[in-house]
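One structure is given below, encoded as structure tokens.
Heavy atoms only: backbone and side chains are in, while hydrogens, waters and symmetry mates are out.
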Amino acid sequence: MTAGEALPSRWPLELVRGYVDKVLEVAASIPGGTVPIQPAGHPSLRTRALPYDGQLDDDVLAALLEVMRRTMHAAPGVGLAAPQIGLPLALAVLADPGAADPETAAVRERPELPYRVLVNPAYEAVPGEEPEHVAFYEGCLSVPGLQAVVPRLRRIRLTGTDETGEPLDEVLQGWPARIVQHETDHLNGTLYLDRAHLRSLSTTDHLGPRWAGEPRPLEASRTLGFPLD
């Protein structure tokens, strides 16, 4: 099987390992050690990812995560889930340099997010708190050339493990919480467009930079006619 072929309906252990071997083989053949990112329409993006329960040897897992890290940075993006390279395993990598503009960083709560790995992540509203949603433009490496405003929880409780098996149970807010929600949604077969205000949809090569360049998309909301909630 090669990256991009139709997915099987079931994934026995041998097939998971064989597909990962093929991903690593493809990465070794491409300058920079990256792999193609699958676009919307690929079945892996609409498939609930299998929980990761040690299907891969530690060295193979480390090599796969490194390929995902390089692919994410080369795109460039701030997150990449395994289904985006055609592999429905519940793995994701994240890293964000943060917003350079101080006003944007403050409004979006977008600090630097150092590289990290999520294994079998899940999120929910922070228990005991009234859920608060905030709406900003998002894009996706699997939906190139488009962006749309997505309301998401401002604060979340993240659970799961890291790549070493260390349990995660933490509260995130602002842009790091948004990235976690976006990538975890990928593991459940959900694209950001499923949650977006579709009236906000725009291309990234014309008016898109104007709309998404605002710290908060107030002008886009007024002009295109969508709510900011």
Side-chain angles (χ1 to χ4, degrees), residues 37 65-66 68-82 84 90-144 146-164 166-188 190-192 195-197 200 204 208-221 228-229:
I37 295 173
L65 293 172
E66 178 59 19
M68 290 175 62
R69 184 191 69 81
R70 291 195 299 259
T71 301
M72 172 184 67
H73 284 311
V78 297
L80 185 74
Q84 292 181 274
L91 304 170
V93 296
L94 320 174
D96 183 13
D101 174 66
E103 181 185 1
T104 299
V107 171
R108 297 183 185 178
E109 299 181 286
R110 188 172 182 176
E112 179 183 0
L113 175 63
Y115 172 75
R116 66 183 303 184
V117 175
L118 304 182
V119 179
N120 301 326
Y123 68 84
E124 62 179 347
V126 178
E129 294 185 5
E130 185 69 24
E132 177 186 359
H133 290 81
V134 288
F136 294 102
Y137 268 100
E138 287 185 25
C140 180
L141 299 178
S142 291
V143 191
L146 294 174
Q147 60 185 9
V149 169
V150 184
R152 291 199 186 271
L153 289 165
R154 175 175 172 262
R155 285 169 55 84
I156 62 167
R157 179 191 181 196
L158 165 66
T159 55
T161 70
D162 67 13
E163 67 273 34
T164 71
E166 187 70 22
L168 302 176
D169 191 343
E170 59 190 89
V171 172
L172 299 172
Q173 73 178 44
W175 217 261
R178 179 170 292 269
I179 295 170
V180 167
Q181 290 171 81
H182 182 115
E183 300 307 327
T184 302
D185 279 358
H186 271 306
L187 304 179
N188 293 313
T190 298
L191 294 176
Y192 84 100
R195 302 187 183 277
H197 291 312
S200 71
T204 57
R210 172 181 170 184
W211 302 140
E214 292 184 279
R216 190 164 184 257
L218 297 172
E219 183 184 0
S221 174
L228 278 180
D229 55 21

side-chain contact (heavy atoms from CB on, under 4.5 Å) with [X]: which residues, sequence neighbours excluded?
| X | answer |
| --- | --- |
| V119 | Y52, L91, V117, T161 |
| S221 | F226, L228 |
| E130 | none |
| P176 | P111, L113 |

side-chain contact (heavy atoms from CB on, under 4.5 Å) for L191 and H186? Distances and angles first, verdict last.
CA-CA 6 Å; L191 294 176; H186 271 306; 3.6 Å; yes
Determine whether [X] and [Y] make a side-chain contact, defined as any pair of heavy atoms from C-beta on separated by less than 4.5 Å.
| X | Y | answer |
| --- | --- | --- |
| L168 | P121 | no |
| R152 | D185 | yes |
| L118 | L158 | yes |

SB check E163 R69 (cutoff 4.0 Å):
no
Straight-line distance of [X] [atom1] to [Y] [atom2], nearest 0.5 Å:
| X | Y | atom1 | atom2 | value |
| --- | --- | --- | --- | --- |
| R154 | E129 | CZ | CD | 9.0 Å |
| M72 | L141 | CE | CG | 9.5 Å |
| T184 | I179 | OG1 | CD1 | 11.0 Å |
| I156 | E170 | CD1 | CD | 8.5 Å |
| L94 | R116 | CG | CZ | 6.5 Å |
| S142 | L80 | OG | CG | 7.5 Å |

Enumerate the residue pairs fulfilling ring-ring contact (aromatic ring centres under 6.0 Å, His included) with a member in residues 92-134, sequence neighbours excluded, ordered by first and then second residue.
none
If you take all heavy atoms of [X] and [Y], which pair is closest and at what distance?
| X | Y | result |
| --- | --- | --- |
| A220 | Y137 | CB-OH, 3.7 Å |
| P131 | A125 | CG-CB, 4.0 Å |
| A148 | A196 | CB-CB, 3.7 Å |
| C140 | Q84 | SG-NE2, 3.9 Å |
| E183 | A92 | CB-CB, 4.2 Å |
| E214 | L218 | OE1-N, 3.3 Å |

Flag, side chain of [X] to backbone of [Y], donor-acceptor distance under 3.5 Å:
| X | Y | answer |
| --- | --- | --- |
| Q181 | L153 | yes |
| R108 | P215 | yes |
| E138 | Y192 | no |
| R178 | V150 | yes |

Please identify each residue that fulfils ring pair (Phe, Tyr, Trp, His ring centres under 6.0 Å) with F136, with sequence neighbours left out.
W175
For R110 and T104, what are the C-alpha separation, side-chain angles and deciding distance, and is it a side-chain contact (heavy atoms from CB on, under 4.5 Å)?
CA-CA 8 Å; R110 188 172 182 176; T104 299; 5.8 Å; no
Does one side chain, of Q147 or T204, offer a donor that lies under 3.5 Å from an acceptor on the other?
no
Can T164 and D162 be counted as having a side-chain donor-acceptor contact under 3.5 angstrom?
yes
